[in-house]
Undergrad: 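This structure is in C-alpha cells; I'll ask about it shortly.
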Amino acid sequence: MKHYNLLILLFILPILTCHSQIELSKKGQEYYYSNPIITGMNPDPSICRVGEDYYLVTSTFGFYPGLPIYHSRDLVHWKLIGYGIDRPSQLNLNESEGDKINLYAATIRYNKGVFYIINTNTGRHNEDRNFVITATNPAGPWSEAHYIEGAPRIDPSLFFDDDGKVYYTGNDTAANPVFEKQRNIWMQEIDINTWKLVGNKVIVVDPGNYYKGLVLSGKENLLLDFFEGPHVYKKDGKYYLLISHGGTFWEHAVSIWNSDSIFGPYVLDNKNPIATNRDFSHNSYIHHTGHADMVETQNGEWWMVLLGTRPYGGDFTNLGRETCLVPVDWSGEWPVVNPLGPVGRIMPIHHRPNLPNHPWEEKDIRDNFDTKKLGLDWNFMQTPKEVWWHLDAPSGKLKINLRPEIIDKNVNPSFIGQRQAHKNFTAITKMEFIPKVENETAGMVITRDVSNQFQLVKTLKNGAEYLQLIRKEVVNDKIELIIAETQVSSKALYLKMEALEQLFTFSFSEDGKNWKILAKDQDGRLLSNALGIGRFTGTFIGMYATSKGKESSNSALFDWFEYSGF
Ligand code: 6LW
C-alpha cells in the first residue's frame, strides 16, 4: 500500500478529479498504465501471445459484427483489427431465445500457425451451440463456425497440451445440484480435425463437494455460485485451472486449482480467491472484477486480463463490463495477483509490463463516411438480413433507409452505433432528413442494449417538422416520454449529445454554429444496468432511422459523426 500511495502522489494526483479514466502524465505513462485498458462494453476478455504480438477477444452478445479482435505489442495499448464473426454465413445472431443474447464469453488461442476462437451462441435452441472458428490472420477472415456436438452450457476454452492433445473445458449445470447456482467445470479431449469430443467427459471441479464440506482446504472464501470462465495453463509440468465465480457483479472473483495430470484431481490454492474487488465499496473506481485469462510475455512475466466496471453516480455502470489488466507474480507454485499490493486487487493504475511502449496512432474523433466500408467501431444490433445502409463515397455521406423495425429485442433495426467508452463524452452528427409522414423518424440514439434509451430525433407532427427528445424506459412495460420538442425547418440538422457522468444535455443547430439546448440535466442512470436491463452488455450511441412498423422508401443522410470522450 505504501508503494501505491507514493505512486499516486508522484504521478497521477494532479489530474485524477474529473477524468473518467485516470489520466497519467507523460512521465507517468513511462512507468504506469491505467485501467480499464479497453473501455466500453468489452467483457470476458481472453488473450493469447504470438511472438511479440498479443491478441484479445471479448463477448458481444447480439451485436454484429461479433467477437472483436484487439491487437497489442505492450499489453497497454490495444487496436481493434477485426471481428471473429463478420459474415451472416458464419452464424445467425437473429436466433435468440427470450433474452438469451447470443455470443457469451469466448476463448482465443494460437497453435502451430492457426488462431482458434471457441465460443457459445446462446441463442440457439438445441444442445450444440458451442462452436470454433479458426484463422491464420487474426484480423480475419475467420472460418465458418464448427459446432461441437454434446458440449453443454457456456464459457468453452481450449488447451493445447505439449503432447499434441487438445482439451475442451467448459461449465455445466450439475446433474444433481447441491445448491441452486451450482455450475460444475468439465473437461474432455477434443479432436480439432473433426471438432468431435473424444473419450470421457470429466467433472474436474465440482463446487458441490465444497458445499457439502467434503473438501475443506481453501474453502473459506470460496463463493460457490456460478463457476465459469475456466482456462487451463501448464507451468513447470503442472496443470492449472483458473475459474471465475460469484457471478459477474459485486461478488465476482477468480480462483485457481492445480494438478499433476490433466483430468485431475485438482487441488485448490489455499489463498483463493487470487483476484477480486468484492470487498471494495460500491463506489470504488473499479469493481465487479472477474472472468479472467492469463498470458506469459516474451520476457517471462505473467499478466492477467479480466473484466471490471467503473460505477459512477452511485451503483450505476453505464459503460458495462470493460477490460482490465493486472500484474501477476508466478515465480512460486501459485500465481499472485498484484504482488506489490494490495495483493489480489485490481487497481486504477499499475506499473507497466516490461515491454517496449507501443501506442497506436490516435483515432480521428470524426468519421466523415468517405470510405467504401464502415469503420470497425460501427456495430449493428443482430445480423442485418439486407443491406439497408449505403456509404455514398462521392458525397461522402452515410445513407440509412427507414424501415419498419424499431430498436427492440431480436430485431435488426436501422441503427448503426458504437460503444460509449467514456463517462464524459460529446457526440455530434450532421443529418439531412425530411420526414414525409408522421411515423417517419431519424436522428441520434443512445441506448443500453436494445432497451432503455434517449432518442434525439426529427419527425413530422401535425404536418410540421419537429425535433424531439424521447426517453424510452423498458421496465415491465415500455414507457416512451417526449421530454422536449421544438419545431425545426432546415433540411440539415446538427444533433449533439453530451454527458458529464450521469448528467446528459441534448442540443441541436441548424447551421452548425449556433446551438440551442433542447433539454439538459437529463438523468443518465436510465442507461445503466441498475434496472436489470442489459446486465451483460453496455451502452451504444449512434444513428437511427425508422418508419415505426410501416413500409417507407425514405432515407436519412449522415454527413459525419463525431465522438470524443475523457
Ligand atoms: C459469460 C459468463 C458470465 O459467458 O456472463 O456472468 C456471461 N458470467 O462467464 C456473459 O458475459
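Counting starts at 1 for both ligands and their atoms, in listed order. Residues: numbered from 1 along the sequence shown.
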Undergrad: Report yes or no: does D293 contribute a side-chain atom to a donor-acceptor pair with the main-chain N or O of I47 at less than 3.5 Å?
TA: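 Side chain of D293 to backbone of I47: a pair is present.
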Undergrad: Before signing off on this row, confirm whether A105 and ligand 1 have an N or O atom pair separated by under 3.5 Å.
TA: yes
Undergrad: Just by distance, do the side chain of E301 and the backbone of T297 share a donor-acceptor pair under 3.5 Å?
TA: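 Checking the backbone N and O of T297 against the side chain of E301, no donor-acceptor pair under 3.5 Å is found.
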Undergrad: Taking the inter-plane angle between the rings of F160 and Y116 on a 0 to 90° scale, is it parallel (under 30°), tilted (30 to 60°) or perpendicular (over 60°)?
TA: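 Rings of F160 and Y116: tilted, 30 to 60°.
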Undergrad: Would F61 count as a contact residue for ligand 1, given that I'm defining contact as a non-hydrogen atom of the residue lying under 4.0 Å from a ligand atom?
TA: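 Per 4.0 Å heavy-atom rule, F61 contacts ligand 1.
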Undergrad: For the residue pair R153 and N171, what are the closest heavy atoms and their distance?
TA: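 Answer, listing the atom of R153 first, then N171: CB-O, 3.1 Å.
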Undergrad: Please list, in number order, the atoms of ligand 1 under 4.0 Å from a heavy atom of D44.
TA: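 In order of numbering, the contacting atoms are 1 (C), 10 (C), 11 (O).
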Undergrad: Is atom NZ of K201 surrounded by more than 12 heavy atoms (other residues, nucleotides or ligands) closer than 6.0 Å?
TA: yes
Undergrad: Can a donor-acceptor pair be found between the side chains of K234 and Y239 at a distance below 3.5 Å?
TA: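 Yes, Y239 and K234 have a side-chain donor paired with an acceptor closer than 3.5 Å.
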Undergrad: Is there a heavy atom of R321 sitting under 4.0 angstrom from any atom of ligand 1?
TA: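 Contact check R321 vs ligand 1: positive.
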Undergrad: Looking only at protein heavy atoms, identify the closest one to atom 8 (N) of ligand 1 and say how far it is in Å.
TA: E228 OE2, 2.8 Å
Undergrad: Could you say whether the N/O atoms of S59 and ligand 1 ever approach to under 3.5 Å?
TA: no
Undergrad: Which atoms of ligand 1 are found less than 4.0 Å from any heavy atom of H291?
TA: 9 (O)
Undergrad: What protein heavy atom is closest to atom 7 (C) of ligand 1, reported as residue, atom name and distance in Å?
TA: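 Looking at atom 7 (C) of ligand 1, the protein heavy atom closest to it is Y104 CD2, 3.6 Å.
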Undergrad: Looking only at protein heavy atoms, identify the closest one to atom 4 (O) of ligand 1 and say how far it is in Å.
TA: D155 OD1, 2.6 Å
Undergrad: For atom 5 (O) of ligand 1, what's the nearest protein heavy atom and its distance?
TA: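 Here the closest protein heavy atom is F536 CZ, 3.6 Å.
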Undergrad: Would you call the rings of W302 and Y233 parallel, tilted or perpendicular if under 30° counts as parallel and over 60° as perpendicular?
TA: perpendicular
